[in-house]
Amino acid sequence: MKPVDIFKALGNDTRLQILEWLKEPEKHFSPQPEEVSDFQQAGVCVTQFHKKLNVTQSTASQHLTVLLRAGLVTAKRHGRWTYYKRNEEAFHQLKEMIEHDV
């Protein structure tokens with residue numbers, strides 16, 4: 001985790017909104033297919049983000065890629081779709097970094 005990448009990722013309202021939604025995905029997203037219905041286990045499909053954000057799938061994917069490179073989300077492929085969830089360990093490490101290094 002590079003601090004510059006993390007703060008760059010956090011410096012965008014859309015990405016902050018994505019991270020907020022991923023705290024409690026079951027409250028913010030429509031049900032998914034049965035094999036990936038557990039948001040906490042599987043994550044949220046990229047198509048859900050593009051619909052909720054009202055942007056193209058490409059734009060949603062770009063935001064998610066920035067968050068992924070910063071280590072703030074994890075990604076997992078299920079078939080042809082990619083599912084994202086928050087990397088809670090990264091947020092813990094960020095908190096520690098801010099408390100001790102900044």
Side-chain angles (χ1 to χ4, degrees):
M1 289 177 44
K2 289 181 175 179
V4 170
D5 292 335
I6 293 168
F7 291 116
K8 177 184 173 187
L10 296 174
N12 177 280
D13 289 336
T14 300
R15 291 190 287 270
L16 288 173
Q17 184 63 70
I18 289 169
L19 292 170
E20 184 66 29
W21 289 335
L22 286 175
K23 278 185 185 177
E24 298 177 288
E26 55 284 329
K27 287 185 177 181
H28 301 285
F29 296 99
S30 304
Q32 301 183 125
E34 187 175 321
E35 64 274 10
V36 288
S37 63
D38 182 355
F39 287 114
Q40 297 302 324
Q41 195 73 319
V44 178
C45 183
V46 68
T47 60
Q48 294 251 34
F49 291 105
H50 102 81
K51 289 176 184 174
K52 190 155 181 79
L53 291 167
N54 197 28
V55 298
T56 65
Q57 190 163 332
S58 175
T59 298
S61 292
Q62 289 173 357
H63 285 298
L64 290 161
T65 297
V66 171
L67 293 169
L68 183 64
R69 286 184 182 146
L72 298 172
V73 298
T74 61
K76 188 173 185 179
R77 299 253 332 151
H78 290 280
R80 63 182 217 180
W81 304 110
T82 303
Y83 291 76
Y84 295 86
K85 59 184 179 176
R86 279 174 57 115
N87 180 355
E88 296 302 333
E89 178 59 29
F91 285 94
H92 177 73
Q93 290 176 8
L94 177 60
K95 179 181 179 239
E96 294 290 317
M97 179 184 71
I98 290 170
E99 287 176 348
H100 294 42
D101 298 336
V102 177

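Start at 1 with the first residue, then count along the sequence.
Applying the salt bridge (Lys or Arg N to Asp or Glu O under 4.0 Å) criterion to Glu26, with sequence neighbours excluded, gives no partner residue. In this view, Phe29 and Trp21, Phe49 satisfy the ring pair (Phe, Tyr, Trp, His ring centres under 6.0 Å) rule, not counting sequence neighbours. Remark: Lys23 engages Glu20, Arg86 in a side-chain contact (heavy atoms from CB on, under 4.5 Å) (not counting sequence neighbours). Legend: residues meeting side-chain contact (heavy atoms from CB on, under 4.5 Å) with His50, ordered by chain and number and at least two apart, are Thr47, Gln57, Ala60. Ser30 pairs by the side-chain contact (heavy atoms from CB on, under 4.5 Å) definition with Gln48, not counting sequence neighbours.
One finds the CG atom of Asn54 at 11.5 Å from the NZ atom of Lys52 (value rounded to the nearest 0.5 Å). Going from atom CG of Leu19 over to atom CG of Leu64 covers 9.0 Å, rounded to the nearest 0.5 Å. Atom-to-atom distance recorded for Lys8:NZ and Arg69:CZ is 8.0 Å, nearest 0.5 angstrom.
Checked against Gln93 for a side-chain hydrogen bond (donor to acceptor under 3.5 Å, both in side chains), the options Glu89, Glu96, Lys95 give a single hit: Glu89.
The shortest distance between side-chain heavy atoms of Thr59 and His63 falls below 4.5 Å.
Listed by first and then second residue, the side chain to side chain donor-acceptor pair (under 3.5 Å) pairs that reach into residues 72-83 are Arg77-Thr82, sequence neighbours excluded.
The shortest heavy-atom contact between Asn87 and Gly71 is ND2-O, 3.0 Å. For the pair Arg15 and Val66, the tightest heavy-atom approach, listed with the atom from each and the gap, is NE-CG1, 3.6 Å. Contact between Leu68 and Ala75 at its shortest, heavy atoms only, is CD1-N, 3.8 Å. For Ala70 against Ile6, the heavy-atom pair with the smallest separation is O-CG1, 3.6 Å. Heavy-atom minimum distance, Tyr84 versus Leu22: O-CD2, 3.7 Å.
The hydrophobic cluster containing Ile98 also contains Leu67, counting ILVMFWY residues as joined when their side-chain heavy atoms lie under 4.5 angstrom apart, directly or transitively.
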| message | Checking Leu10 against Leu94 for the side chain to side chain contact (heavy atoms under 4.5 Å, CB included) test, could you report, in this order, the C-alpha distance in whole Å, the side-chain angles of both residues, the deciding distance, and whether it holds? | response | CA-CA 12 Å; Leu10 296 174; Leu94 177 60; 4.0 Å; yes
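Looking only at distances, no side-chain donor or acceptor of Gln40 sits under 3.5 Å from a matching main-chain atom of Lys85.
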